[in-house]
Amino acid sequence: MSSYGTHALAHLFGILAIILLLVWLLHFREGVDYDSDNGFRVFNVHPLMMFMGFIFLGGEAILSFQTIPSQRQTKKFFHMMLHLISIILGIVGLCAAFKFHNMMGFPNVYSLHSWIGIGTFCLSGLQWLVGFVTFMFPRAADRTRARVVPWHVAGGRALLFMAVCAAETGLMEKYGFLRAKSNLQPHQRESYLINFTGLAILLFGVFVDLSVSIRRNSV
């Protein structure tokens with residue numbers, strides 16, 4: 001499969017995941033509203049921002065060097081800006097989760113999902129900061145940049161899969177709560193929708209990574 005095919009499949013599964021997530025949150029759940037008095041509507045901001053903002057835009061930032069037909073400096077600018085926007089939206093998503101827990105009297109940062117998610121988010125912020133200082137401003141020497149690039153690329157790929165892992169554990173955690181509290185059954189439409197959303201997120205991450213791998217191996 002060519003890199004163009006993997007790009008297309010990455011975009012396809014990313015957009016599909018967003019659509020499935022919106023159907024789930026708007027049709028099966030309570031909707032999305034950060035300022036609502038309904039804690040569940042506040043919580044729904046979390047999965048929306050963490051995937052559509054943090055994971056999807058982060059994946060698109062990784063692909064930007066291959067998908068934007070422009071000079072390398074322009075590609076680099078879009079790469080950094082997409083990651084920055086994804087981090088900002090990720091902050092909104094994290095704030096929504098903490099706000100929901102405080103509204104409902106739930107403990108914070110107790111689950112494996114939250115540990116993976118917050119760890120990934122903090123490391124992503126550090127990755128962005130190191131990348132900005134090394135490659136954009138004040139910009140390191142050529143020799144230093146050449147040494148940092150492989151680690152920067154490898155770190156970005158690892159962080160993408162950590163983010164996908166956080167999303168998958170989050171979906172399963174939410175599904176477990178719904179089964180316990182809302183009597184959601186295994187073969188109901190919403191159960192299938194959650195599973196297909198998780199598969200779309202996983203395949204988005206897979207094809208983003210394949211795009212990078214195929215491109216690097218063909219150079």
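Note that the structure is predicted; figures quoted are calculated from it, not measured.
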(message) For a 4.5 angstrom cut-off between non-hydrogen side-chain atoms, does Glu168 reach Leu202?
(response) yes

(message) Among residues at least two apart in sequence or on other chains, which ones pass side chain to side chain contact (heavy atoms under 4.5 Å, CB included) with Ile88?
(response) Leu84

(message) Could you work out, with side chain to side chain contact (heavy atoms under 4.5 Å, CB included) as the rule, every residue matching Ala97, not counting sequence neighbours?
(response) His46

(message) The criterion is ring pair (Phe, Tyr, Trp, His ring centres under 6.0 Å); which residues satisfy it with Phe132, sequence neighbours excluded?
(response) Trp128

(request) Just jot down the side chain to side chain donor-acceptor pair (under 3.5 Å) partners of Lys99, sequence neighbours excluded, or say none. (result) none

(message) Among Thr120, Val212, Ile62, exactly one meets side-chain contact (heavy atoms from CB on, under 4.5 Å) together with Leu160. Which residue is that?
(response) Ile62

(request) Evaluate the side-chain proximity of Met103 to Phe43: yes if any heavy-atom separation is below 4.5 Å, no if none is. (result) no

(message) Quick test of your reading: applying salt bridge (Lys or Arg N to Asp or Glu O under 4.0 Å), list the pairs with at least one residue in residues 193-210, sequence neighbours left out, ordered by first then second residue.
(response) Arg157-Asp209

(message) Any heavy-atom pair between the side chains of Phe121 and Ile87 that's under 4.5 Å?
(response) yes

(message) Under a plain distance cut-off of 3.5 Å, with no hydrogens placed, do Ser211 and Gln66 share a side-chain donor-acceptor pair?
(response) no

(message) Taking side chain to side chain donor-acceptor pair (under 3.5 Å) as the definition, give me every residue that meets it alongside His11, ordered by chain and number, with sequence neighbours left out.
(response) Glu60

(message) By the side chain to side chain donor-acceptor pair (under 3.5 Å) test, which pairs, at least two apart or in different chains, include something from residues 101-110?
(response) His101-Asn108, Asn102-Asn108

(message) Is the shortest side-chain heavy-atom distance between Leu89 and Phe54 below 4.5 Å?
(response) no

(request) Would you check if Leu16 and Leu20 make a side-chain contact, meaning some heavy-atom pair closer than 4.5 Å? (result) yes

(request) Decide if atom CZ of Phe28 counts as having more than 12 heavy atoms of other residues, nucleotides or ligands within a radius under 6.0 Å. (result) yes

(message) Please check this pair: side chain of Asn44 against backbone of Gly31, looking for a donor-acceptor N/O pair closer than 3.5 Å.
(response) yes

(message) Restricting to side chain to side chain donor-acceptor pair (under 3.5 Å), what partner residues turn up for Gln71, sequence neighbours left out?
(response) none

(message) Applying side chain to side chain contact (heavy atoms under 4.5 Å, CB included), can you list everything that pairs with Tyr192, at least two apart in sequence or on another chain?
(response) His187, Phe196

(request) Mind telling me whether Phe207 and Phe13 have parallel, tilted or perpendicular rings, with 30° and 60° as the class edges? (result) parallel

(message) Taking the side chain as everything from C-beta on, heavy atoms only, tell me whether Leu178 gets closer than 4.5 Å to Arg29.
(response) yes

(request) List for me each residue that meets ring pair (Phe, Tyr, Trp, His ring centres under 6.0 Å) alongside Phe78, sequence neighbours excluded, and say none if there are none. (result) none

(request) Identify, with sequence neighbours excluded, every residue that meets side chain to side chain contact (heavy atoms under 4.5 Å, CB included) alongside Asp142. (result) Arg145

(request) Indicate yes or no: at least one non-hydrogen side-chain atom of His7 is less than 4.5 angstrom from one of Leu63. (result) yes

(request) For the residue pair Leu171 and Ile201, establish whether any side-chain heavy-atom pair is separated by less than 4.5 Å. (result) yes

(request) Sort and list the pairs that fulfil side chain to side chain donor-acceptor pair (under 3.5 Å) and have at least one residue in residues 13-26, not counting sequence neighbours. (result) Trp24-Glu190

(request) Over 60° means perpendicular and under 30° means parallel, so classify the ring planes of Phe56 and Phe51, tilted if in between. (result) tilted

